[in-house]
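As the structure is a prediction and not an experimental result, all values here were calculated from the model. Order of appearance sets the numbers: ligands from 1, and atoms from 1 within every ligand.
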Amino acid sequence: MSRTRRDPRTPPALPAAGLRVVALGGLGEIGRNMTVFEHAGKLLIVDCGVLFPEEHQPGIDVILPDFTSIRDRLDDVVAVVLTHGHEDHIGGVPYLLRERRDIPVVGSKLTLAFIEAKLKEHKITPVTEQVAEGDELRLGPFDLEFLAVNHSIPDALAVAIRTAAGLVLHTGDFKMDQFPLDQRITDLRGFARLGEEGVDLFLTDSTNADVPGFTTSEGELTPAIDTVFRTAPKRVIVSSFASHVHRIQQVLDAAHEHGRKVAFVGRSMVRNMGIARDLGYLRVPKGLVVDMKVLEKLPADQVCLICTGSQGEPMAALSRMANRDHVIRISEGDTVLLASSLIPGNENAIYRIINEFTKIGANVVHKGNAKVHVSGHASAGELVYCYNIVKPRNVMPVHGESRHLRANADLAIRTGVDPKRVVIVEDGVVVDLVDGRVSVTGKVPAGNVYVDGNTVGGATEASLKDRRTLAEEGVITVVAIVDADTGQLAEAPDFLARGFVHEAANFDAAVPVIERELARAAADGVTDAAQLEELIGRAVAGWANRAHRRAPVVIPVVIDA
Ligand SMILES: [Zn+2]
């Protein structure tokens, strides 16, 4: 009897009554959240976000989920549902719609307004379907129900997905603030109702699963923010996410209270706050927000600027102010308020900015020294409540680095979920829900897709390695003119070095190394220029390592004499 071996990475066909769940992003990282649900031959996508690059990814603008596994099935996609308007949930949509323009985009009023503004910049007019909490929507074989959740952006939704395979509840990003500015709390009564019906698979936000207790209410920040405005001797410069409507509302209220005028700085901040104001999510007292030109003429203690860049993003207003590369110059006595969280990976960039402003003589207020920010994500206590209310049969922690996913899984198990029914998986792992049980059945590609200028997917891990090496070790170009008859150097090779520590060094010592390599190649009958280049490259790299303990990028060029 012969058995055909199946690639363990390729999942088997999905049983007719099964549901397949594949996260293409958001598992093992904070960002580019994207989950694909498959049932009865159709696909439903929940969120499509971007991940922001770290220092070891030079030259990269954003990182996208890998669409490879759905690329030849785009016609089966019934919709992309956006749980809320954060970049790590909507930023990838323009790139997804480039592949198929008419994928319906489903989301709440504010979420759709944010994504439509973004898509306009990409010259894409999407097909949209606006929903609100309490709404139900049938999309192919998926029956959706939307529930209000509270998060660091208004109008966030959780989504319940009913199919023949069972009931799934995906929280999106959420927390359980009982006193939010807009009084729109997470719909725990809805969660409980679904729990009574029987939740077969619960996907929950893991971002703060390793933080004990409960996330502090937004309302408790008001005194600290008020103190900043009451005591600041000169200008107040606030940096926050361009989508944190409620935090910015608190800042506007404090500025108004203490007689300051406000200007928004930065394209995304101006755009999003305009949208939030037009749609009624941001209340702006008359005459409070003014043009930069008006603001510049006011005394410093009547000025408040609100800008982006709270994560140290190099191109955002705040970094450029720290580098004195912005029309707004921070000066002695100014107060800089960082009303934002520290997303893992951004710490160095943020502390560098704090140091720069401190050196100038500004007073920097941040969550480390004042109660000016709280997270938008549920802490362990809130997650435990949810598990006890929903009583899910199976759990798949989402949105978090490995340690967050593990912590969230442990919480589920502590509330009594069978450990065998809690799946901790990484991006691309295929999870099937069949007969009420989850199991891992395979893996699909889910690597990083880099956006580099106008190029999507052009930069690879190998090219990023080259960039890091170039930055750290420099480059040596060797031009060798080789006599085609003898295989020997026709004349001494040229060396050009950039960024190599021994730029001025004498490369004479490398010449015999090249000569030896060419002699050996000639003896072996190797005459092909590409092969000779490879040999010379390796020889010069070896020489740089032995002689200088360096590993520069070596670019060999062989020219036939
Ligand atoms: Zn979010």
Side-chain angles (χ1 to χ4, degrees), residues 23-35 45-52 62-65 80-93 105-115 118 133 146-159 169-177 180-182 184-187 203-209 211 215-216 218 240-249 268-269 272 275-276 281 308 310-311 313 339-346 367 373-379 382-383 386 397-401 404-405 408:
L24 294 179
L27 303 189
E29 61 205 351
I30 302 276
R32 61 165 194 160
N33 299 291
M34 177 171 181
T35 313
I45 299 172
V46 174
D47 291 328
C48 183
V50 292
L51 175 68
F52 291 100
V62 292
I63 303 166
L64 300 174
V80 53
V81 171
L82 303 176
T83 57
H84 62 284
H86 278 153
E87 281 297 304
D88 57 338
H89 291 257
I90 68 169
V93 171
V105 180
V106 179
S108 64
K109 186 158 86 172
L110 185 67
T111 306
L112 286 184
F114 280 177
I115 189 62
K118 178 182 277 295
E133 54 267 34
F146 299 93
L147 298 99
V149 289
N150 167 245
H151 183 39
S152 46
I153 187 169
D155 228 6
L157 295 168
V159 56
L169 176 57
H170 189 318
T171 63
D173 281 350
F174 84 112
K175 60 176 172 176
M176 284 163 40
D177 190 346
L181 259 60
D182 60 1
R184 181 179 178 272
I185 61 172
T186 292
D187 184 9
L203 296 96
T204 49
D205 176 10
S206 309
T207 311
N208 274 359
V211 178
T215 302
T216 310
E218 299 275 333
S240 186
F241 285 116
S243 56
H244 206 323
V245 178
H246 288 164
R247 184 75 67 259
I248 288 159
Q249 182 73 61
S268 55
M269 185 64 84
N272 286 0
I275 292 170
Y281 292 92
T308 52
S310 61
Q311 294 306 308
E313 307 92 316
S340 54
S341 51
L342 252 175
I343 292 179
N346 301 338
K367 66 174 289 199
H373 182 73
V374 291
S375 170
H377 300 271
S379 299
E382 289 147 274
L383 292 170
C386 284
V398 292
H399 307 170
E401 297 181 352
H404 306 121
L405 303 177
N408 197 357

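- Relative orientation of the His170 and His399 rings is tilted, given thresholds of 30° and 60° on the angle between their planes.
- Here the Zn ion (ligand 1) is the vertex; the OD2 atom in Asp173 and the NE2 atom in His84 give an angle of 90° (to 10°).
- Residue His86 approaches the Zn ion (ligand 1) most closely through its N/O/S atom ND1.
- His86 and Phe241 have tilted rings, their planes meeting at an angle from 30° to 60° on a 0 to 90° scale.
- Tested against Asp47, the residues Asn33, Thr35, Thr83 include a single side chain to side chain donor-acceptor pair (under 3.5 Å) partner, Thr83.
- Using a 3.5 Å distance cut-off with no hydrogens or angles, the side chains of Thr171 and Thr204 do not pair a donor with an acceptor.
- Of all N, O or S atoms in His151, the one lying closest to the Zn ion (ligand 1) is NE2.
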